[in-house]
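Data block below; observations after.
Just so it is clear, the values below take in all heavy atoms, side chains as well, and ignore hydrogens, waters and symmetry mates. Numbers here simply count residues along the sequence, with the first being 1.
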Amino acid sequence: MQPDQGEEPCGDTPAARLAVFDYDGTIMDGQSGQLFAVFLLRHGLISKRTALRLAWWGARYKLHLPYRQDESRELIFRDLGKYDHDEVMRLMRDFYEEFLAPRTRADAIAEIARRHEQGMTCVLVSATFFEIARVAAERLGIEGVAATNMELDAQGHFTGRVEGEVVAGQGKVRAVRRWADENIGPGAWSIACAYGDHFTDEPLLELADEPFAVSPGSTLARVARRRGWQSLEWN
């Protein structure tokens, strides 16, 4: 991604090069939101009614039937509204160690390390909850996090509503741009490489100097072949 026209890095400072990684299905084998619902149900932290509604949402998503992006997130965080933010973060860390760490791909860990060695700034971007992405980024040594925020009330409890937009599709482009402008500076960065697994990652991948389709679904695999993007199979 090139800096916006008219915005140039200050002085002789070179533009920061970003390595942008999708999380679900790319760094991690699976869907963190669905796994989080399983974790919460297993520990008695959401109702069975909520779990059934989430299962129906997931079926519609997989079958490409009409669904609303915010719905699954609202269902989970309505049930978590009785906990304050610090308590939810403790749950997220337990969830990461129990469910996500074992599913983290060794090839992804190696690629993050390789890009750091090349002097790049790594950014994790995901439609998943910011709190999950934040814990994952901490464990992986990733500097930047751009993910879906859930609204907090004045007492620090989740309201069940999405704050802003779900970070998916073009939303990933906007979220990465927002993070980079705020933390590096407008015009002082570019996306050197980007990694994604889903066809909705195409807007992000097409803006990278080096786009990579990681263990891609059939739609993204076709896009990658048509556009000459490299496909990777990560373990």
Side-chain angles (χ1 to χ4, degrees), residues 20 22-28 30-96 99-100 123-138 142 144-183 196 198 200-201 203-204:
V20 181
D22 169 59
Y23 187 60
D24 292 355
T26 302
I27 290 177
M28 189 272 297
Q31 297 298 314
S32 59
Q34 294 175 14
L35 292 169
F36 189 47
V38 173
F39 168 85
L40 294 173
L41 184 63
R42 181 178 294 179
H43 292 278
L45 298 170
I46 58 172
S47 69
K48 290 182 179 178
R49 181 173 182 271
T50 295
L52 288 171
R53 293 180 67 184
L54 286 168
W56 171 232
W57 183 94
R60 283 177 286 154
Y61 174 81
K62 286 184 178 180
L63 295 171
H64 302 289
L65 297 174
Y67 70 96
R68 187 168 58 85
Q69 277 277 13
D70 293 4
E71 182 181 359
S72 63
R73 295 156 179 85
E74 292 168 354
L75 288 168
I76 288 173
F77 275 84
R78 281 172 190 159
D79 279 21
L80 292 181
K82 57 182 174 288
Y83 304 105
D84 66 25
H85 190 261
D86 288 343
E87 290 173 316
V88 172
M89 284 305 301
R90 284 194 290 273
L91 289 176
M92 293 294 187
R93 292 188 174 93
D94 290 344
F95 164 61
Y96 182 87
F99 277 77
L100 302 185
V123 180
L124 186 157
V125 61
S126 179
T128 198
F129 310 119
F130 178 83
E131 287 74 18
I132 290 176
R134 174 180 157 190
V135 172
E138 289 172 357
I142 290 177
V145 180
T148 302
N149 286 294
M150 301 302 294
E151 183 182 76
L152 291 167
D153 64 19
Q155 289 72 46
H157 291 258
F158 288 100
T159 66
R161 292 187 293 270
V162 173
E163 183 178 291
E165 66 176 339
V166 174
V167 179
Q170 288 287 351
K172 286 187 178 179
V173 174
R174 289 187 286 271
V176 170
R177 178 179 286 121
R178 187 162 51 247
W179 182 89
D181 283 349
E182 291 175 358
N183 290 275
H198 196 259
T200 57
D201 294 326
L204 177 68

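To the nearest 0.5 Å, the span separating OG1 on Thr128 from CZ on Phe36 amounts to 8.5 Å. Note: Leu152 CG to Arg161 CZ = 11.0 Å, rounded to the nearest 0.5 Å. In this structure, CD in Glu165 is found 9.5 Å from CD in Gln170, a value given to the nearest 0.5 Å. Rounding to the nearest 0.5 Å places CE of Met150 at 6.5 Å from OG1 of Thr159. Here the OH atom belonging to Tyr96 is positioned 12.5 Å from the CG atom belonging to Leu35, to the nearest 0.5 angstrom. In this structure, CE on Met89 lies 4.0 Å from CZ on Arg134, to the nearest 0.5 angstrom.
Among all heavy-atom pairs drawn from Gly196 and Asp201, the shortest one is CA-OD2, 3.5 Å. When all heavy atoms of Leu100 and Met28 are compared, the pair lying nearest together is CD2-CE, 3.9 Å. Across all non-hydrogen atoms, the minimal contact from Trp179 to Val145 is CD1-O, 3.6 Å. When every heavy atom of Val162 is checked against every heavy atom of Thr148, the shortest pair comes out as CG1-CG2, 3.9 Å. Taking each heavy atom of Gly81 and His157 in turn, the nearest pair found is O-ND1, 3.0 Å. Between Val167 and Ala146, the closest heavy-atom pair is CG1-O, 4.1 Å.
At a threshold of 4.5 Å between non-hydrogen side-chain atoms, the residues Glu131 and Phe158 count as touching. Looking at heavy atoms from C-beta onward, Ile27 lies in side-chain contact with Ile142 at the 4.5 angstrom threshold.
For the pair His43 (side chain) and Leu45 (backbone), a donor-acceptor distance under 3.5 Å is absent. With Asp94 contributing its side chain and Leu91 its backbone, the two residues share no donor-acceptor pair below 3.5 Å.
Ring geometry, Phe39 versus Phe95: the interplanar angle falls from 30° to 60°, so the pair is classed tilted.
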Applying side-chain contact (heavy atoms from CB on, under 4.5 Å), run through Arg42 and Phe99 and close with a yes or a no. CA-CA 12 Å; Arg42 181 178 294 179; Phe99 277 77; 3.6 Å; yes

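At a cut-off of 3.5 Å, with distance as the only test, a side-chain donor of Ser32 or Asp24 sits close to an acceptor on the other residue.
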